[in-house]
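Any value given below was found using the heavy atoms of this structure, including those in side chains, with hydrogens, waters and symmetry copies removed.
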Amino acid sequence: MKTEDIKNNKDYKYGFTTEVENIRSPKGLSEKTIKFISNIKKEPKWMLEWRLKAFNRLKVLKEPDWQKPKYPKINYQDLYYYSAPKSASEKPKSLEEIDPKI
């Protein structure tokens with residue numbers, strides 16, 4: 001099955017799908033994405049600065065090829081770097097309160 005079929009909600013017999021609402025970062029890795037994730041996670045300023053510094057270092061690194069890898073290049077800008085279910089205002093107090101579909 002093709003990835004676009006999965007995205008278009010066609011039957012996908014090999015994997016997991018869910019109807020749970022979620023919060024997801026924009027596709028790709030950028031300063032905007034890093035700031036989005038840091039904000040969602042309510043991280044301290046020093047953590048955001050550390051992540052941005054690491055991201056700037058990542059941008060100048062070259063993927064090693066000394067091991068002669070035989071796999072297609074990964075498109076890191078076609079990935080989601082954060083996804084989490086939306087929080088309900090009231091959290092369940094027991095498993096019986098959780099929707100069986102979940």
- Leu52 reachable from Leu58 in the ILVMFWY side-chain graph, under 4.5 Å edges: yes
- Task: Report the residues that fulfil side-chain contact (heavy atoms from CB on, under 4.5 Å) with Asn56, sequence neighbours left out, ordered by chain and then residue number.
- Result: Glu31, Lys59
- Note on the structure: dist Leu79:CG -> Leu29:CG (nearest 0.5 Å) comes out at 9.0 Å
- Message: Quick check: closest heavy atoms across Tyr81 and Ile37, and the distance to 0.1 Å?
- Response: O-CD1, 3.9 Å
- Message: Test of understanding: clusters of I, L, V, M, F, W, Y form through side-chain heavy atoms closer than 4.5 Å, transitively. Do Met47 and Ile40 belong to the same one?
- Response: no
- Task: Could you list the residues that satisfy salt bridge (Lys or Arg N to Asp or Glu O under 4.0 Å) with Glu63, not counting sequence neighbours?
- Result: Lys73
- Message: Could you see if Phe55 belongs to whatever hydrophobic cluster contains Trp50? Use Ile, Leu, Val, Met, Phe, Trp, Tyr and a side-chain cutoff under 4.5 Å.
- Response: no
- Note on the structure: Rounding to 0.5 Å, atoms CZ (Arg51) and OG (Ser38) come to a distance of 6.5 Å
- Message: Is it the case that over 12 heavy atoms from other parts of the model lie below 6.0 angstrom from the CD atom of Gln77?
- Response: yes
- Message: If I take atom OH from residue Tyr82 and atom NZ from residue Lys41, how far apart are they, to the nearest 0.5 angstrom?
- Response: 7.0 Å
- Task: Taking the side chain as every heavy atom from C-beta outward, state whether Asn22 and Lys86 have any atom pair closer than 4.5 Å.
- Result: no
- Message: Is it the case that the side chain of Ser25 and the backbone of Thr33 share a donor-acceptor pair, with hydrogens and angles ignored and the cut-off at 3.5 Å?
- Response: no
- Task: With the side chain counted from C-beta on, respond yes when Leu48 and Lys35 share a heavy-atom pair under 4.5 Å apart, and no when they do not.
- Result: yes
